[in-house]
Protein chains: 2
Amino acid sequence: MSQGKEKILQTALQEFAEKGFDGARIDYISKMAGVNKALIYYHFKSKEELFTAVINDLFEQATSGSIELKGPSIQENLIQVMEHFIDFLHHNPYFVKIMDQSVAQDRDIFQQLHHQNFFFETVMGMYQLGVQTGECRKVDHPEDFVVSLLGAVYFYFSHHKAIRKFYGTISEEEVISIRKKTMRDMISRLVFS
Amino acid sequence: MSQGKEKILQTALQEFAEKGFDGARIDYISKMAGVNKALIYYHFKSKEELFTAVINDLFEQATSGSIELKGPSIQENLIQVMEHFIDFLHHNPYFVKIMDQSVAQDRDIFQQLHHQNFFFETVMGMYQLGVQTGECRKVDHPEDFVVSLLGAVYFYFSHHKAIRKFYGTISEEEVISIRKKTMRDMISRLVFS
DNA sequence: AGAATTAGACTAACCGTTTAGTCTAACTTT
DNA sequence: AAAGTTAGACTAAACGGTTAGTCTAATTCT
């Protein structure tokens, strides 16, 4: 990939994440990327297509470093996945912002994205395996159970701006470590009886 | 409040919720409200002020029917609050959408909104009371614990479009009832040991 | 040589905002 | 009661800034 195209994608990611699709400005992207506006239209045929490219890029990164499940037990694996998820959200704030904005508006892309289900299906699969082996407690509605767990992980990051103040002045790394501990606790209390 | 102004606010709520601030169109609002565009500027001095008015309206409704805590125990009260929260989110999808979009972009209003902390402080207060009376298990980081609980409740609604498919073809009312059951379970397993 | 990139002027459409004025019902004056 | 006045609700039409997208001709990588 050419240097300019890469810079455009990087900058566009930030701009779309911060302003949303409608708030984002092509002129601003080209300026911040240090690139002529025409170059954007040389590589992408429209703002919409640029957005799609940004999203696809993002999901590629999000799902590429997929998790190696090597824990000795389902419990270990589940906790490992959760921590991986937390780290990922921590290090990819743009991912969260763009996701939320694009889900709130129903941008076309999100109907097609199969990546969207990645985390759900991973956790769901592990949980159901655990139920089979008898290692996990059986609940009436596993899908709702998993959704709730994912929500417990995700919410802090998606509403970071509004929520962060409840944690006081500690560093973000400390918050992340607290988050992991809380989620470990929740999982062991909920998944295993 | 005049008939026109009310219609404008109603319509604007929908438009802002669906398209976000930048995506919303004054032309479209006036058309849908069956009102001349200039009337919007007669009642509100700008798009921004219209948005603010919509938000304030929304929060007034959101926090007006506040919860009577009359359960015999903290456990009952906590579950009651959660169910109230679930019902509220279920019946006010626009609230969720507008919240998410406005949090994702950092619209000014949200820095000032004290309503924003309403649910957090309610649940947090109840939990801490429970810890004092010894009815609730003590956790290391109550704020993170409460945030996780709220996230578990909220996530389904904020990402409804993307998540709903995991529940199959059952009616929305059934999903809500499942959600309540799951959250009752989670609370009793997590808050009380 | 061919792909990538620049400069910057240009357009067409869109969209928030303004202006100047209408309509109506109530209220006041004569 | 007729005439004058006011205030609030509302409208038609235009104004003017903004912005996605284009065009062209020249230049620089690889």
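First the proteins, then the strands, lettered A, B, ... as listed; each starts at 1.
- Taking each heavy atom of A/Arg137 and A/Val131 in turn, the nearest pair found is O-CG2, 4.1 Å.
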Encode nucleotides 12-30 of chain D as B, S and - characters from 5' to 3', where the letter depends on protein heavy atoms closer than 4.0 Å: B to the base, S only to sugar-phosphate, - to neither. B------SBBBB-------
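- OP1 or OP2 of C/dT5 lies within a sub-4.0 Å distance of a side-chain N or O belonging to A/His43.
- Atom P of nucleotide D/dC10 and atom CZ of B/Phe44 are separated by 11 Å, given to the nearest angstrom.
- Figure legend: cation-pi geometry between B/Lys37 and B/Tyr28 absent, as NZ or CZ is not positioned both under 6.0 Å from the six-membered ring centre and within 45° of its axis.
- No single ILVMFWY cluster, assembled from side-chain heavy atoms under 4.5 Å apart, contains both A/Leu9 and A/Met32.
- Using bins of under 30°, 30° to 60° and over 60° for the plane-to-plane angle, the ring pair A/Phe155/B/Tyr154 lands in the tilted bin.
- A salt bridge does not link A/Asp144 to B/Lys181: none of the charged nitrogens lies less than 4.0 Å from a carboxylate oxygen.
- Axis orientation changes by 20° from one end of the helix from C/dA1-D/dT30 to C/dT30-D/dA1 to the other, with each end axis drawn from 5 pairs and the value rounded to 10°.
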Using a cut-off of under 3.5 Å, enumerate the N/O to N/O pairs linking the protein to nucleotides 5-8 of chain D.
none

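- Ring-centre distance between A/Phe44 and A/Phe51: not below the 6.0 Å cut-off.
- Formation of a donor-acceptor pair under 3.5 Å by the A/Gln75 side chain with backbone atoms of A/Ser188 is not found in this model.
- Between the P atom of C/dC15 and the CG atom of B/Leu50 lies a distance of 16 Å, rounded to the nearest Å.
- Here the two rings, on A/Phe16 and A/Tyr94, have centers that are 6.0 Å apart or farther.
- Across the protein-nucleic acid pair, B/Tyr28 atom OH and C/dT17 atom P stand 20 Å apart, rounded to whole Å.
- The distance from the OH atom of A/Tyr156 to the CD1 atom of A/Ile178 is 9.0 Å, given to the nearest 0.5 Å.
- A distance of 12.0 Å separates CD in B/Gln101 from OG in B/Ser158, rounded to the nearest 0.5 Å.
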